[in-house]
Enquirer: 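I am attaching a structure below and will ask some questions about it afterwards.
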Amino acid sequence: MNSHTFSAYDPRDCPSPCYVVDEVAVEHNLNILKTVCDATGARCLLALKAFSMFALAPLVRRYLHGTCASGLHEARLGAEEFGGENHVYCAAFSDADFTEVKALAHHIVFNSLHQLHRFEPQLRAAGSPSVGLRVNPLHSEGTHALYDPCAPGSRLGIPITEFDVTPLSSLPVAGLHFHTLCEQGFAPLARTLDVIETRLGEVLHELEWINLGGGHHITQPGYDLDGLIHRLNALRSQYDVQVYIEPGEAIAVNTGVLVSSVLDIVHNEMPIAILDTSATCHMPDTLEMPYRADIFGAAPADVKAHTYRLGGQTCLAGDVMGDYSFDQPLTRGQRLMFDDMSHYTMVKTSTFNGINLPAIAIWNSDLGHTRVVREFGYTDFKTRLS
């Protein structure tokens, strides 16, 4: 299993359902990122869109330089809980949101030239955030269109071809931001940088910073750290720019599980276990991507002696995690642990059907201690409605 520190975890040590994050595993990832920053002078930001667990903010801010946000509320969370630099990008800012964002952000990245010019008068005052533009290099490294910001017709970023007629040097910007990756290694980043440098290399000399976005799987085993360090140092040396990276998943990958309980077992052509977790409410990426979440002690269907379809409590017919096999028959009340459930889970939950949100707990795998930091209930469901 990817979250290997949980091989010794007792899922009865927390409520069910519950996201459990190992702070020791998180610190391991943060140490790797700090090593890259120390070797290159790059600054690393936590992408709150992937992992916003502010109970661990005191740990995160010991290693990283700040956070990056995708809008006002994430920007507020970054400022209130995490500290450090606060970078904000949004596909389009409303007037009301921008008024608050400009007071919170150290960097603001615009998605279009229209938005830049619209809000430029508000950014002329002393102490205003550093301004950047998101560029779409029109270089796709994604394998799934849903997560590919450079897919044809993408709304994210200014197509790099627009800078042929609107030179960056004529704009009041200090930096560039791009994002092309999703759970990928160094080679796709290197190819993207080749495009950026070929098309915009002359302009980079005039800028103060460049942000390489997220999607870097820096903390995964086998990532080419030496290649990354060499390329980041070359960027800084050649263009005299401050380099930023903003990983989200790399900070939380392989650090947590979702504990679930078997509520009932029914039969329709095969045994079906109904869990107190929901694919659509608690792990929507398994339906959007789609991908299959692994379970500790389980295997694909028909590999082990007893195969079950696992589904949630909602009325959605497709609220199914998949078919899994186990050495022993499942029993009502049994606890299961879904692997690698820290990133893009808590930030995407919903209360569809009034299904309760999982509790959130921190585990210390060195000390063997679990503490529950948040539980949810009816009020959390009701206050989202009116």
Enquirer: Please name all residues satisfying salt bridge (charged side-chain N to carboxylate O under 4.0 Å, His left out) with Arg12, sequence neighbours left out, ordered by chain then number.
Expert: Asp10
Enquirer: Quick test of your reading of the model: are Asp380 and Arg374 salt-bridged, counting only N-O distances below 4.0 Å?
Expert: yes
Enquirer: Judged by modelled atom types alone, do Thr40 and Asn233 share a side-chain donor-acceptor pair under 3.5 Å?
Expert: no
Enquirer: Can you list the other members of the hydrophobic cluster that holds Trp209, where links are side-chain heavy atoms under 4.5 angstrom apart?
Expert: Leu45, Tyr89, Val109, Leu156, Tyr244
Enquirer: As a quick check of understanding, evaluate side chain to side chain contact (heavy atoms under 4.5 Å, CB included) for His28 and Thr255, giving each step before the final call.
Expert: CA-CA 9 Å; His28 169 78; Thr255 67; over 6 Å; no
Enquirer: Is it the case that the side chains of Ser260 and Thr277 hold a donor-acceptor pair, with the cut-off being a distance below 3.5 Å and no angle test?
Expert: yes
Enquirer: Just to verify, what does Ser52 make a side chain to side chain contact (heavy atoms under 4.5 Å, CB included) with, not counting sequence neighbours?
Expert: Leu48, Leu77, Val347
Enquirer: Let me check something: any side-chain donor-acceptor pairs from residues 30-37 under 3.5 Å, sequence neighbours excluded? List them with distances.
Expert:
from, atom 1, to, atom 2, distance (Å)
Asn31, ND2, Glu27, O, 3.3
Lys34, NZ, Asp38, OD2, 2.8
Thr35, OG1, Asn31, O, 2.9

Enquirer: Could you tell me which residues satisfy side-chain hydrogen bond (donor to acceptor under 3.5 Å, both in side chains) with Thr351, sequence neighbours excluded, listed by chain and number?
Expert: none
Enquirer: Not counting sequence neighbours, list each pair that qualifies as a salt bridge (Lys or Arg N to Asp or Glu O under 4.0 Å) and has a residue in residues 67-76.
Expert: Arg76-Glu80
Enquirer: If you measure from the Lys or Arg side-chain nitrogens to the Asp or Glu carboxylate oxygens, is any gap between Glu23 and Arg371 under 4.0 Å?
Expert: yes
Enquirer: If the condition is salt bridge (charged side-chain N to carboxylate O under 4.0 Å, His left out), which residues does Asp302 pass it with, not counting sequence neighbours?
Expert: none
Enquirer: Are Tyr223 and Ile245 in one and the same hydrophobic cluster, where Ile, Leu, Val, Met, Phe, Trp and Tyr link if side-chain heavy atoms are under 4.5 Å apart?
Expert: yes
Enquirer: Determine whether the aromatic ring centres of His343 and Phe51 lie less than 6.0 Å apart.
Expert: no
Enquirer: Hey, could you give me each pair passing side-chain hydrogen bond (donor to acceptor under 3.5 Å, both in side chains) that has a residue in residues 264-273? Not counting sequence neighbours.
Expert: Asp264-Arg332
Enquirer: Going by salt bridge (Lys or Arg N to Asp or Glu O under 4.0 Å), name the pairs with one or both residues in residues 146-167, residues two or more places apart or in two chains.
Expert: Asp164-Arg199
Enquirer: Determine whether a donor-acceptor pair (N or O, by modelled atom type, separation under 3.5 Å) exists between the side chain of Thr219 and the backbone of Asn29.
Expert: no
Enquirer: Checking Glu246 against His216: is there a side-chain donor and acceptor pair closer than 3.5 Å?
Expert: no
Enquirer: Among pairs that include at least one residue of residues 289-342, which meet ring-ring contact (aromatic ring centres under 6.0 Å, His included), considering only residues two or more places apart or in two chains?
Expert: none
Enquirer: Glu183 and Tyr147: side-chain donor and acceptor closer than 3.5 Å?
Expert: no
Enquirer: List, by chain and number, the other hydrophobic cluster members for Val253, where Ile, Leu, Val, Met, Phe, Trp and Tyr join if side-chain heavy atoms come within less than 4.5 Å, directly or indirectly.
Expert: none
Enquirer: If we ignore angles and hydrogens, is there a donor and acceptor under 3.5 Å between the side chains of His217 and Glu249?
Expert: yes
Enquirer: For Phe98, enumerate each residue passing the ring-ring contact (aromatic ring centres under 6.0 Å, His included) test, keeping only those at least two apart in sequence or located in another chain.
Expert: Phe93, Phe110, Phe119
Enquirer: Please check if any side-chain donor atom of Thr180 sits under 3.5 Å from a side-chain acceptor atom of Thr192, or the reverse.
Expert: yes
Enquirer: Hey, are Gln313 and Asp319 close enough side-chain-wise for a donor-acceptor pair under 3.5 Å?
Expert: no
